[in-house]
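Because only heavy atoms are used, hydrogens play no part in the values below, and waters and symmetry mates are left out as well, while side chains stay in. Throughout, protein chains are lettered first and strands after them, A, B, ... in sequence-line order, and every chain is numbered starting at 1.
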Amino acid sequence: MKTIRVRFAPSPTGMLHIGGLRTALFNWLWARKNGGQFILRIEDTDRERTVKGAVENIIEALEWYGLSIDEGPIFQSERKALYTQYVDRLLGQGSAYRCFCTAERLAEVRKIHEVNNKATKYDGLCRSLSEEEVQKKVNAGEPYVVRLKVPHDGVTSFDDHIYGKVSVENSNVDDQVLLKSDGFPTYHLANVVDDHEMKISHVIRAEEWLPSTPKHILLYKAFGWDLPDFAHIPMVLGPDKAKLSKRHGAKPALEYRDAGYLAEAVINFIALLGWNPKTEQEFFSLNELIREFDLKKINKASAVFNIEKLNWMNSRYINQESSGSAEKLADRINTFFAGADGSEKYSKKEIMKILPAAASRMTTLADFEEEARYITDMSIRYDPSLLIPKKGDKGESMRALESAQALLESVAEQEFTQKHLEGAFTGLIAQEHFTNNTMLWPVRVALTKRAQSPGVFEYLEILGKEESIRRVKSALQSLQKK
RNA sequence: GCCGCCUUCGUCUAGUGGCUAGGACGUCGCCCUCUCACGGCGGAAACACGGGUCCGAUUCCCGUAGGCGGUACCA
């Protein structure tokens with residue numbers, strides 16, 4: 001069996017976004033599953049579109065999401081000599097030709113074809129240039145590109161791992177430009193040459209490449225090379241059902257990190273976009289994904305990226321971690337809020353204290369801020385009428401707060417725990433003829449300063465005796481004034 | 001325009017020549033309850049359309065429509 005070697009080959013034209021990340025993920029999974037190599041290749045043959053910092057962003061993103069790179073990054077822009085060498089070979093054997101047509105003429109040809117309801121491909125004018133004519137133009141310094149000489153008849157077909165047999169008539173395949181007039185190769189040439197040179201076994205890329213695969217196959221044939229396996233994966237669409245792209249507001253993959261999503265959750269979620277294990281399992285660790293992943297289980301239809309489900313999944317991951325390994329979650333929150341200079345916004349100790357009450361209410365790590373606010377920020381103001389439950393009245397709430405204050409004052413510091421306080425309050429409610437509602441509501445609001453919050457007993461323990469009493473007292477005062 | 005690919009609840013999807021077409025998110029209702037969240041239970045919600053083939057098609061074939069992608073000296 002041949003060695004599995006796959007590559008993720010983005011062009012550095014911007015930040016890596018979710019669609020690209022998923023392509024990388026599927027490649028990476030296939031490599032890991034088969035004990036192969038995952039190679040990063042940067043397709044930077046278009047010097048104008050290359051964006052500074054894009055490569056760094058791509059690498060940082062792959063790293064953060066846990067997709068380790070075995071080889072690379074390899075930059076196509078540094079391999080120019082290799083491509084020209086291969087172009088010369090094609091030229092020499094008559095599989096390609098020089099084309100001197102200007103951009104203006106090309107546009108004209110395209111327009112004419114379009115109005116005649118014909119495919120808008122190059123008309124092949126320069127294909128019939130004699131050697132002397134070519135030589136003369138070259139000597140005269142006329143700029144030219146090199147095009148692939150695509151056969152006029154026949155059919156090119158291939159067997160895609162996901163889409164099955166795909167066939168295109170050669171008459172519909174354009175004489176693709178292989179080498180641009182600036183001497184740089186186009187994607188098509190560089191891609192084929194590199195995949196061959198780098199011994200890529202599986203070309204796993206987005207479905208948008210399906211239509212140009214015949215061109216690539218014709219190139220492989222012209223070189224006399226063996227074909228790699230092709231697996232085109234369905235596209236990830238935005239909510240508008242259009243290809244995910246910067247234009248359509250596709251967020252860079254790392255923005256999910258910055259918004260407080262967990263790498264595992266995002267990976268889990270995007271893995272399920274176009275792939276599924278054929279079971280009803282929906283939570284997968286990276287290792288489980290490696291085990292279950294199979295090119296055969298990828299479907300053909302494109303998938304819409306639905307943030308709602310990601311949100312749900314992320315909150316589930318947070319919840320799960322808070323009960324399983326809270327320390328780890330606390331570390332994450334700690335780093336998430338840490339300043340660029342490493343300064344701490346919330347200490348781990350502080351986080352651990354708040355977390356039990358907060359976790360189930362958080363969708364992203366960023367939500368911790370809101371949970372912590374009501375504990376750390378002493379200056380929060382609220383409407384005292386909030387202290388009165390819907391069906392209650394002012395007098396009853398004041399009586400409740402007074403009783404609660406007395407109770408809290410009587411509880412020893414070391415007994416100020418959720419469990420003990422719950423018992424104590426239950427007794428108090430029965431004894432003083434309160435109900436859970438008339439007692440617990442005002443106390444909870446006194447402590448948390450908001451209508452919606454975690455439970456009273458959780459909060460009491462978090463705040464501690466002194467602060468709890470202080471808040472109950474101040475709530476009483478504000479009710480009195482009202 | 002031309003070429004290619006695709007089509008099961010709003011979204012991600014399972015599935016079979018004969019099923020009450022399954023799960024998940026979201027949504028709605030109920031329960032839990034000091035409120036919110038979590039959790040539990042339940043509901044509404046889909047086989048694009050038209051022809052075939054077949055005893056029988058959501059499933060197979062052909063069309064149509066729709067969607068998406070490609071159609072660059074971008075990738």
Problem set entry | Whole-angstrom distance between B:C41 and B:A24, as gauged at atom P | 9 Å
Exercise. What integer number of Å spans the P atoms of B:C3 and B:A45?
Worked result: 41 Å
Exercise. How would you label the contact of A:P234 with the nucleic acid (heavy atoms, under 4.0 Å): base, sugar-phosphate, or nothing?
Worked result: nothing
For this session: Any ring pair (Phe, Tyr, Trp, His ring centres under 6.0 Å) involving residues 420-455 of chain A? Give me the pairs, sequence neighbours left out, ordered by first then second residue.
Result: A:F425-A:F457
Protein-nucleotides 25-32 of chain B N/O pairs under 3.5 Å:
residue, atom, partner, partner atom, Å
B:C25, O2', A:K309, N, 3.3

For this session: Check every strand shown and say whether A:S453 touches a base, only sugar-phosphate, or nothing at a heavy-atom separation below 4.0 Å.
Result: base
Exercise. For B:G63, which nucleotide is its Watson-Crick or G-U wobble mate, given both distances must be under 3.5 Å?
Worked result: B:C49
For this session: Residues of residues 435-446 of chain A with any non-hydrogen atom less than 4.0 angstrom from an atom of RNA chain B: list those, numerically ordered, please.
Result: A:N436, A:N437, A:L440, A:W441, A:R444
For this session: Kindly assign one of parallel, tilted or perpendicular to the pair A:F293 and A:F26, based on the angle between their ring planes and the thresholds 30° and 60°.
Result: tilted
Seminar exercise, completed: Residues at least two apart in sequence or cross-chain that pass salt bridge (charged side-chain N to carboxylate O under 4.0 Å, His left out) with A:R399, listed by chain then number, are A:E396
Exercise. When the P atoms of B:U16 and B:C2 are considered, how many whole Å apart are they?
Worked result: 37 Å
Exercise. For the ring pair (Phe, Tyr, Trp, His ring centres under 6.0 Å) test, which of A:W312, A:Y256, A:F269 pairs with A:Y261?
Worked result: A:Y256
Exercise. Paired with B:C25: which nucleotide, if any, by Watson-Crick or G-U wobble criteria at under 3.5 Å for both distances?
Worked result: B:G10
Protein-nucleotides 40-48 of chain B N/O pairs under 3.5 Å:
none

Exercise. What residue pairs, at least two apart or across chains, pass salt bridge (charged side-chain N to carboxylate O under 4.0 Å, His left out) with a residue in residues 204-219 of chain A?
Worked result: A:E208-A:K243
Exercise. Between B:U71, B:C6, B:G4, which one does the side chain of A:V168 approach most closely?
Worked result: B:G4
Exercise. C1' atom, B:C49 versus B:U8: distance in rounded Å?
Worked result: 15 Å
For this session: State which of B:A37, B:C12, B:A75 makes the closest approach to the side chain of A:D46.
Result: B:A75
Exercise. Taking any strand in view, what nucleotide pairs with B:G69 in a Watson-Crick or G-U wobble way, both distances under 3.5 Å?
Worked result: B:C3
Exercise. A:F184 near the nucleic acid: base, sugar-phosphate alone, or nothing, with a heavy-atom cut-off under 4.0 Å?
Worked result: nothing
For this session: For B:G1, take OP1 and OP2 only and decide whether either is under 4.0 Å from a side-chain N or O of A:K121.
Result: no
For this session: Name all residues meeting the salt bridge (charged side-chain N to carboxylate O under 4.0 Å, His left out) criterion together with A:R47; count only those two or more places apart in sequence or in a different chain, and write none if there are none.
Result: A:D182
Problem set entry | nucleotides 63-68 of chain B: protein proximity per nucleotide (B base, S sugar-phosphate only, - neither; heavy atom, under 4.0 Å) | -----S
Problem set entry | Pairs satisfying side chain to side chain donor-acceptor pair (under 3.5 Å), at least one member in residues 114-126 of chain A, at least two apart | A:R105-A:D123
For this session: Check the side chains of A:N437 and A:T435 for a donor-acceptor pair under 3.5 angstrom, ignoring hydrogens and angles.
Result: no
Exercise. Say you draw a straight line from CD1 of A:I200 to CG of A:D229; how long is it, rounded to the nearest 0.5 Å?
Worked result: 12.0 Å
Exercise. Within the structure shown, what part of the strands sits under 4.0 Å from A:K118 by heavy-atom distance: base, sugar-phosphate, or nothing?
Worked result: base
For this session: For A:A301, report the nucleic acid contact type (base, sugar-phosphate, nothing); a contact means any heavy atom under 4.0 Å.
Result: sugar-phosphate
Problem set entry | Whole-angstrom distance between B:G67 and B:A72, as gauged at atom P | 22 Å
Problem set entry | A:R147, A:R127, A:K149, A:R98 screened by salt bridge (Lys or Arg N to Asp or Glu O under 4.0 Å) with A:D175, the one that passes | A:R127
Exercise. What interatomic distance, in whole Å, is found between C1' of B:U7 and the corresponding atom of B:U59?
Worked result: 14 Å
Exercise. Taking atom CG of A:L447 and atom CD of A:E458, what is their separation to the nearest 0.5 Å?
Worked result: 11.5 Å
Problem set entry | First encountered from the 5' end of RNA chain B, between A:A119 and A:R49 | A:A119
Distances under 3.5 Å between nitrogen or oxygen atoms of protein and nucleotides 14-16 of chain B:
residue, atom, partner, partner atom, Å
B:A14, OP1, A:N276, ND2, 2.6
B:A14, OP1, A:K278, NZ, 2.8

Seminar exercise, completed: Of A:P211 and A:N116, the one whose nearest nucleotide on RNA chain B sits closer to the 5' end is A:N116
Problem set entry | Pair assignment for B:U35, Watson-Crick or G-U wobble, requiring both distances under 3.5 Å | none
Exercise. What pairs of residues pass the salt bridge (charged side-chain N to carboxylate O under 4.0 Å, His left out) test when at least one of them lies in residues 48-57 of chain A, not counting sequence neighbours?
Worked result: A:D46-A:R49
For this session: Check the surroundings of atom CD in A:E402: do more than 12 heavy atoms from other residues, nucleotides or ligands lie under 6.0 Å from it?
Result: yes
Problem set entry | Heavy-atom donor-acceptor pair, A:S360 side-chain to B:A37 base, under 3.5 Å | yes
Seminar exercise, completed: Per atom distances to the A:V304 side chain, the nearest of B:C12, B:G69, B:C38 is B:C12
Exercise. For A:K390 and B:C34, is the shortest distance between a side-chain N/O and OP1 or OP2 below 4.0 Å?
Worked result: no
For this session: Could you tell me whether A:Y187 contacts a base, only the sugar-phosphate backbone, or nothing, with contacts defined as non-hydrogen atoms closer than 4.0 Å?
Result: base
For this session: Please measure how far the P atom in B:A48 lies from the corresponding atom in B:U13, and state the result in whole Å.
Result: 15 Å
Exercise. Which value, in whole Å, describes the distance between the P atoms of nucleotides B:U11 and B:C47?
Worked result: 12 Å
Problem set entry | Pairwise salt bridge (charged side-chain N to carboxylate O under 4.0 Å, His left out) hits with a residue in residues 186-197 of chain A, at least two apart | A:R7-A:D195, A:R41-A:D194, A:R41-A:D195, A:R79-A:D194
Problem set entry | A:R110 side-chain proximity, nearest of B:C38, B:G1, B:A72 | B:A72
